[in-house]
Amino acid sequence: MHEYSFKGFFLRYKKRYLLGIVWLALVDILQLIIPQILRDFTDNIQAGLVGSPELIRYAGLIVLVAGGTAFFRFLWRLYINGTARRLERNLRNDLYQHFQRLSPNYFQQQKTGDLMAHATNDINAIRRATGPGVVMLADAILLTIATISILIFTINIRLTLIALIPLPFITLISLKFGQIIHKKFKKVQEAFSNLSDKAQENFSGIRVVKAFAREEKEIERFQVSNENNYKRNVDLVKSWGLFRPLVQFFSGMSFLIVIWLGGRMVIEEAISLGDFVAFISYLGMLTWPMMALGFVINHIQRGRASLERLNNILDEEPDVYNYPDTNYKINELKGEIKFNNLTFSYPDEDETVLKEVSFKIESGQTVAFIGRTGSGKSTIARLILRLFNSERESLYLDGHDINKIPLETIRENTAFVPQDNFLFSTTIGKNIAFHDPETDLELIKQAAREAAVYDNINDFPEGFDTILGERGVTLSGGQQQRVALARALIKRPDILILDDSLSAVDTRTEETILNNLEEIMAERTTILIAHRISTIKNADKIFVLDDGSIIEEGDHESLLDNEGLYYDLYQKQLLEEKLENQ
Ligand code: ATP
Ligand code: MG
């Protein structure tokens with residue numbers, strides 16, 4: 001169980017927090033001294049005791065106090081806010097580590113945007129509760145108690161009690177407005193992210209927009225979104241605009257009382273003029289802690305809610321992990337694969353995707369799967385890689401139940417070119433050497449040659465250092481597929497799975513690649529998944545899948561003789577080819 005708690009945070013860094021609060025207290029004490037100096041000064045001026053030397057002494061004193069305040073303020077920021085930043089960093093690292101451990105299934109069920117929001121908003125809320133929240137709370141308590149004590153003990157208890165009456169309203173207002181403003185602020189954020197999403201999507205899809213002549217409509221859509229963003233912002237401005245005058249109103253009421261009651265007391269000589277000046281100055285100091293108390297309650301509430309959400313995420317266990325009966329001695333694979341009456345549904349789905357599938361692939365064979373879209377080909381690949389769990393005793397690698405083989409063994413000894421291949425926004429070389437960034441350039445080049453993409457890469461001025469993605473070049477579909485293939489080949493895997501990985505490559509290049517593969521994979525197992533018969537016709541064995549079941553198997557010739565689905569597919573593709581060549 002992952003249980004992060006505020007108590008745990010504070011205990012872990014208790015020294016830094018305690019020191020931070022000490023610095024904070026020193027700032028407060030220094031601030032509280034200033035009105036005392038003012039009072040002394042006023043009373044002495046009134047008594048005609050102030051000359052030039054005394055003026056300089058007072059000024060020097062105030063400068064000294066101000067300097068001390070600045071110094072200790074720097075320190076508490078470093079100790080408290082700095083510690084909160086440390087917490088933030090640790091939390092974010094933990095969260096990212098956790099995300100990396102989770103199974104693909106988790107990411108399929110969560111929206112990327114939501115995950116990003118947890119990593120930003122929730123962690124920010126926790127940081128604010130453990131940084132500024134702590135400061136405000138400590139400050140509010142220290143300042144309020146100290147100020148009120150000074151007022152009562154050194155000036156006048158009756159005046160103090162009456163003057164304080166309006167102040168709790170400030171706390172209430174800041175509590176309530178804190179909530180309102182937070183809600184509106186969230187709306188502003190939403191509106192803005194909506195706006196930037198729209199723009200971003202439009203830029204990425206600009207070719208589609210132009211091709212369909214939708215520019216005007218897109219401009220309108222943007223304007224609607226932008227208008228919404230504007231309205232939300234004005235809404236927020238209005239709330240702030242109301243908040244400040246309200247606070248000022250109540251602190252003004254306090255001052256009114258002091259001027260009315262306190263003024264009379266000075267005339268009646270119940271308090272001195274200096275007392276009066278000090279009182280006003282102390283009262284001014286109370287507005288902030290009163291406001292802070294309201295904010296603090298909000299910060300802590302939000303922080304707790306975020307912490308709970310984060311704990312829930314961190315409690316999420318990966319679906320796929322090494323079971324207790326994992327046999328860690330298995331650290332190599334020969335590449336024999338056996339499906340034994342395997343039936344499979346995706347987690348939390350009702351549809352049975354694979355139905356009692358049985359087959360055996362000998363190590364070193366090249367085997368192909370073909371079948372209509374949605375027939376379950378990619379699912380078979382995902383199960384062999386254990387990206388999803390399969391039932392016990394239904395899938396064996398080298399005769400071991402896949403559920404007993406360490407995940408690391410499976411992942412290190414297999415290579416997969418997924419159907420929706422993904423390249424990172426870095427250089428082509430680094431993409432190919434993804435499994436080991438230290439790989440020798442010669443090996444990278446060799447893999448590129450094997451995947452028949454070497455010449456394409458060399459045509460770029462930067463060669464293997466060409467950067468891909470947003471800030472770099474865009475590869476054609478076929479080039480992308482071949483770079484992804486090179487990334488798989490460089491691993492020299494025991495089991496290589498190509499999921500429709502040559503679909504965007506022309507048939508001649510495909511033939512070259514398949515010839516290369518034959519040599520590289522001579523003693524290794526290769527699984528080809530394809531829609532095109534040309535890709536797979538030389539495979540040792542071909543399985544035809546339909547609706548989750550294997551309905552035919554054999555080599556190309558025997559399948560043709562069979563005159564089943566494979567034969568139909570073949571005839572259709574022959575016809576298409578003829579039409580194309582006309
Ligand atoms: P294609 O030729 O289009 O790639 P395929 O034969 O590879 O198709 P699969 O991707 O294995 O088909 O999908 C088989 C069935 O499983 C489909 O009905 C699909 O909707 C479903 N399916 C695939 N992936 C998932 C998933 N991650 N979660 C839930 N259902 C899925
Ligand atoms: Mg597929």
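What you see is a predicted model, and the numbers here were worked out from it, not measured in a lab. Whatever order the structure lists ligands and atoms in, that order sets their numbers, starting from 1.
Nearest protein neighbour of atom 22 (N) of ligand 1, counting heavy atoms only, is Tyr346 CE1, 3.3 Å. Scanning the protein for heavy atoms near atom 28 (N) of ligand 1, the closest one is Gln108 NE2, 2.9 Å. Closest protein heavy atom to atom 11 (O) of ligand 1: Thr379 OG1, 2.4 Å. The nearest heavy-atom contact from the protein to atom 7 (O) of ligand 1 is Ser378 OG, 2.7 Å. The protein heavy atom nearest to atom 3 (O) of ligand 1 is Thr373 OG1, 2.6 Å. Nearest non-hydrogen protein atom to atom 20 (O) of ligand 1 is Glu351 OE1, 4.5 Å.
Assignment of Gly371 to the shell around ligand 1 is not supported, since no heavy atom sits closer than 4.0 Å.
Only side-chain heavy atoms of Arg382 come within less than 4.0 Å of ligand 1; its backbone N, CA, C and O stay farther off. When non-hydrogen atoms are compared, ligand 1 lies under 4.0 Å from the side chain of Val353 (C-beta onward) but not from its backbone.
At a threshold of 4.0 Å, the pair Glu190-Lys187 does not count as salt-bridged, since none of the basic side-chain nitrogens sits closer than that to a carboxylate oxygen. Between Arg449 and Glu519 no salt bridge is recorded (no basic side-chain N to carboxylate O distance below 4.0 Å). At a threshold of 4.0 Å, the pair Glu511-Arg508 does not count as salt-bridged, since none of the basic side-chain nitrogens sits closer than that to a carboxylate oxygen. Between Arg372 and Asp547 there is no salt bridge, since no side-chain nitrogen of the basic residue lies less than 4.0 Å from a carboxylate oxygen of the acidic one.
In the candidate list Gln109, Arg372, Lys377, Lys377 is nearest to atom 2 (O) of ligand 1, counting heavy atoms.
Note: no N/O pair closer than 3.5 Å links Glu349 and ligand 1 by distance alone. In terms of polar-atom proximity, Gly374 is counted as a contact of ligand 1, with an N or O under 3.5 Å from an N or O of the ligand.
Residue contact annotation: Ser378 places an N/O/S atom under 2.8 Å from the Mg ion (ligand 2). Here Thr379 does not reach the Mg ion (ligand 2): none of its N/O/S atoms is less than 2.8 Å from the metal.
The closest side-chain donor-acceptor pair between Asp540 and Gln365, if any, does not fall under 3.5 angstrom.
Atom OH of Tyr328 sits in a crowded spot, with more than 12 heavy atoms from other residues, nucleotides or ligands closer than 6.0 Å.
Counting the atoms of ligand 1 from 1 in the order shown, those under 4.0 Å from a heavy atom of Gln419 are 1 (P), 4 (O). Within ligand 1, the atoms closer than 4.0 Å to a non-hydrogen atom of His531 are 2 (O), numbered from 1 in the order shown.
Taking the six-membered ring for Trp and the full ring otherwise, the centers of Tyr346 and Phe344 sit less than 6.0 Å from each other. The ring of Phe543 has its center no closer than 6.0 angstrom to the ring center of Phe339.
A side chain to side chain donor-acceptor pair (under 3.5 Å) with Arg482 is found for exactly one of Asn421, Asn456, Thr509, namely Asn456.
Residues Ile380 and Ile527 fail the side-chain proximity criterion, which asks for heavy atoms closer than 4.5 Å.
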